[in-house]
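Treat the numbers as computed from the prediction; the structure is a model and nothing was measured. The first residue in the sequence is number 1, and the count goes up from there.
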Amino acid sequence: MRKSVKIACWLVGIPVALLFLVMALSPVVKSVVNHHGQDILGRDMSVNRVFVNPFFGTVTIQDFHCKEADGLVDFVAFERLYVQINWLALMGKHANLRHIHLDQFSGEILSGEEEFNFTDIINRFASKDTTVQDTAPSKWTVSLRDIQLHNGRLVYHDLVRDNRWSVDDVNLNVPGLYFGRQQSNAGMQFNLPTGGSVTITAGYVMASHRYAVTLRLDEVNTNVALPLVRDYLNIKGLGALVTGNIHIDGSLNDVRDLVASGALSLTGLNITDEDDEPVAGLDEVRLVILKGDVANNNFLLDTLTITGITGHFEHTAKSNTLSRILREREQVPDTTSHTKAVSQQSGSTSNNDAALSWSTRHLCITAHDISFDDRSMSKRFKYALDTLSVTGSNIASHGKNSIDVLGRFSDGARLNASYIGGLYFKQGNHRLNAKLINLQLPQFTLYTEELFACPIDSGELALQVDATIYHGKLNCENKITIDHPEIGKKAMYSKAKYKNIPLKLGVDLLKSAQGVVVLDVPVKGDLNSPKFKLGKVVGRAIAKVFFGPLMGVRDNRKLISADEREEMMEILGSDTTELMSLAPPAESQLPADSKKRKNR
């Protein structure tokens with residue numbers, strides 16, 4: 001009889017005790033979270049409801065909030081967390097979480113110059129034990145299955161730049177995460193507040209630290225990166241949409257150890273300045289990557305297409321478009337320490353000294369409506385490139401390339417050029433042939449009035465260029481032909497910088513009997529020399545050929561004055577004796593106007 005009573009007491013007592021445990025455990029956990037958050041994390045925490053079921057190994061937490069260190073706003077919060085653990089697996093030294101479901105999660109990360117808003121939590125749990133740790137592999141294994149995140153939101157606030165980024169509607173699905181040799185798979189999808197969505201699928205093997213990621217972008221607005229771009233450019237908007245699929249294989253042992261492939265397209269780029277005025281843009285960029293090997297700096301492309309480039313370059317007496325857009329060096333935030341810290345945390349030991357090497361099977365670049373607006377003079381000058389195309393095939397950074405260029409300008413001028421050679425002019429052999437025709441000179445009369453106090457009444461220019469570069473040595477033959485150039489009357493009271501130079505006389509001296517000026521302008525130099533400036537060399541070569549006959553006139557001709565000689569020497573930057581060797585034209589060949597001036 002007594003034995004039966006004991007058995008009955010055990011049968012009744014154990015369930016009652018377990019029921020009491022279940023009923024007591026939930027409020028105990030809730031009380032610990034609500035009243036001892038400072039002791040656990042150093043933060044105020046609160047939870048509305050906690051339910052622990054030890055029979056099924058489940059824990060449900062609802063309406064959880066963890067405050068920032070100041071206790072004013074939420075650091076992280078969620079509406080519901082559901083976790084289930086397999087108790088029986090613990091007996092075999094295997095921690096197996098069967099379900100982890102997180103609903104309506106929100107969090108905000110604050111990034112300062114040297115720390116984040118969760119650095120204090122990391123330091124709180126950092127081990128202060130300096131003894132040598134046991135590196136022997138643990139006998140325990142861990143697996144996390146069915147990880148789901150629904151409708152999350154994450155905000156990143158960069159305090160250095162005072163900018164905020166956020167991702168909304170974050171949904172994460174991880175079928176399994178294994179801490180061993182088995183591959184873990186995960187999928188994530190989220191929307192960006194600036195427009196577009198991102199989908200990520202990934203696989204990771206813990207033992208080898210190898211990963212595979214597929215990234216899908218669906219009309220992602222590039223303005224999401226605008227705060228970072230504004231570190232270097234004074235611009236207000238980007239406005240492009242990015243769509244594509246990129247697959248990446250890599251290793252967490254070295255951040256550079258990754259290989260990428262896939263396709264990307266960028267459409268509708270529209271760069272605007274601080275006044276919201278358009279600066280540059282394009283219709284589309286299409287990039288097909290066959291293999292991008294970051295570790296070896298080798299990138300193989302199938303297609304690189306850039307279409308519909310537009311641009312507006314404005315020049316004033318005090319600045320230009322580039323100087324207004326480019327930030328000065330002292331204005332760019334110093335992120336060196338932050339980058340170094342990230343590199344150290346990633347464990348990267350790669351020292352990539354390989355030269356950049358890239359190639360593309362197909363290259364096509366087109367542009368339209370590229371304008372130049374010069375407001376530095378008393379009158380405004382505008383010139384535009386209507387169309388431009390650059391095409392080539394099998395283009396490589398280290399190889400012999402063939403590139404063709406066609407262009408048409410607003411005044412009817414046309415450009416036709418072909419280039420054969422590499423992309424590094426200081427090495428190898430290169431050849432450039434270019435032809436420019438139908439360039440109407442009267443439209444540039446503002447410059448001759450500003451410099452020489454006289455207009456260009458007529459004239460059409462053609463330019464033929466034949467240039468070769470052999471191991472950095474430039475040898476360029478240029479032929480300039482001007483058909484029927486006429487220089488107008490000089491303004492008597494002009495403030496032109498070189499108003500004493502007889503531009504009209506110089507043109508008349510160069511004219512043939514048919515009214516055509518033909519100039520052969522050779523340009524030579526060493527591109528490897530730091531003193532070599534191509535623009536200055538070309539400018540002086542043209543000036544030397546143009547003003548040479550004037551400077552070479554014998555003193556008894558008396559065609560030019562001392563003031564005129566002095567201003568020409570300022571432009572030429574050469575010794576007079578060098579130009580005296582140029583043979584002057586015979587007096588019988590001088591135009592009538594020049595003869596009259598000689599007589600005066």
Side-chain angles (χ1 to χ4, degrees), residues 181 183-186 198-217 220 222 225 228-229 232 242-266 285-306 335-365 390-403 419-430 469 471-472 527-528:
R181 297 186 178 276
Q183 177 170 303
S184 303
N185 298 309
V198 179
T199 302
I200 303 173
T201 58
Y204 177 67
V205 179
M206 182 71 69
S208 63
H209 300 290
R210 301 292 304 179
Y211 64 86
V213 177
T214 298
L215 178 66
R216 178 182 177 184
L217 307 176
V220 174
T222 53
L228 295 177
V229 176
Y232 307 94
V242 180
T243 299
N245 286 278
I246 297 294
H247 182 77
I248 301 173
D249 291 302
S251 171
L252 292 183
N253 291 325
D254 187 346
V255 294
R256 292 182 179 270
D257 182 10
L258 65 88
V259 176
S261 61
L264 282 174
S265 67
L266 182 148
V285 175
R286 178 166 175 77
L287 184 68
V288 179
I289 306 171
L290 298 178
K291 182 180 180 181
D293 188 348
V294 176
N296 296 308
N297 261 352
N298 186 13
F299 300 89
L300 175 61
L301 310 179
D302 179 76
T303 303
L304 175 58
T305 303
I306 306 175
T335 58
T336 304
S337 59
H338 181 264
T339 304
K340 183 178 179 180
V342 172
S343 177
Q344 293 174 347
Q345 293 174 8
S346 67
S348 174
T349 58
S350 173
N351 185 17
N352 189 358
D353 295 327
L356 175 64
S357 175
W358 64 271
S359 63
T360 179
R361 295 177 179 176
H362 307 283
L363 172 68
C364 181
I365 301 174
V390 180
T391 57
S393 58
N394 297 319
I395 306 299
S397 57
H398 297 82
K400 190 174 183 179
N401 305 302
S402 178
I403 301 174
Y419 172 76
I420 299 176
L423 301 182
Y424 298 97
F425 297 138
K426 296 182 179 181
Q427 300 175 356
N429 300 329
H430 317 269
I469 302 175
H471 292 292
L527 300 181
N528 294 311

Going by salt bridge (Lys or Arg N to Asp or Glu O under 4.0 Å), name the residues that satisfy it together with D293, two or more places apart in sequence or in a different chain.
none
Identified side chain to side chain contact (heavy atoms under 4.5 Å, CB included) counterpart of I246 within the set L264, T214, V213, L217:
L264
Pairs in or reaching into residues 198-208: which pass salt bridge (Lys or Arg N to Asp or Glu O under 4.0 Å), with residues at least two apart or in two chains?
none
Working to the nearest 0.5 Å, report the span between CG of D249 and OG of S261.
7.5 Å
Point-to-point distance, once rounded to the nearest 0.5 Å, from CD1 of I289 to CG of N245
11.5 Å
Any pair with a residue in residues 203-212 that passes salt bridge (Lys or Arg N to Asp or Glu O under 4.0 Å), sequence neighbours left out, goes on the list, sorted by first then second residue, please.
R210-D257
Between R256 and V294, what is the shortest heavy-atom contact and its length?
O-CB, 3.6 Å
I need the minimum non-hydrogen distance between G472 and N528, along with the two atoms involved.
CA-ND2, 3.8 Å
In a check of side chain to side chain contact (heavy atoms under 4.5 Å, CB included) between L301 and each of V288, L290, L287, which one passes?
L287
Do the ring planes of Y419 and H430 sit parallel (below 30°), tilted (30 to 60°) or perpendicular (above 60°)?
parallel
Decide side-chain contact (heavy atoms from CB on, under 4.5 Å) for W358 and H398; before the verdict, give the C-alpha distance in whole Å, the side-chain angles of both, and the deciding distance to 0.1 Å.
CA-CA 8 Å; W358 64 271; H398 297 82; over 6 Å; no
Counting C-beta onward and ignoring hydrogens, is there a side-chain heavy-atom pair between I248 and L215 closer than 4.5 Å?
no
Taken to the nearest 0.5 Å, the spacing of S393 OG from R361 CZ works out to 12.0 Å
For S265, what residues pass the side chain to side chain contact (heavy atoms under 4.5 Å, CB included) criterion, not counting sequence neighbours?
T243, E284
T305: which residues meet the side chain to side chain contact (heavy atoms under 4.5 Å, CB included) condition with it, sequence neighbours left out?
R286, T303, T307, C364
Measure the CZ-OG distance between F299 and S357 for me, rounded to the nearest 0.5 Å.
9.5 Å
For the CG atom of L300 and the CG atom of N298, what is their distance to the nearest 0.5 Å?
7.0 Å
Give a yes or no answer on whether the side chain of N401 reaches the backbone of A396 with a donor-acceptor pair at less than 3.5 Å.
yes
Can you list the residues that meet the ring pair (Phe, Tyr, Trp, His ring centres under 6.0 Å) rule with H247, with sequence neighbours excluded?
none
Could you give the distance from CG (D302) to OG1 (T360), rounded to the nearest 0.5 Å?
6.5 Å
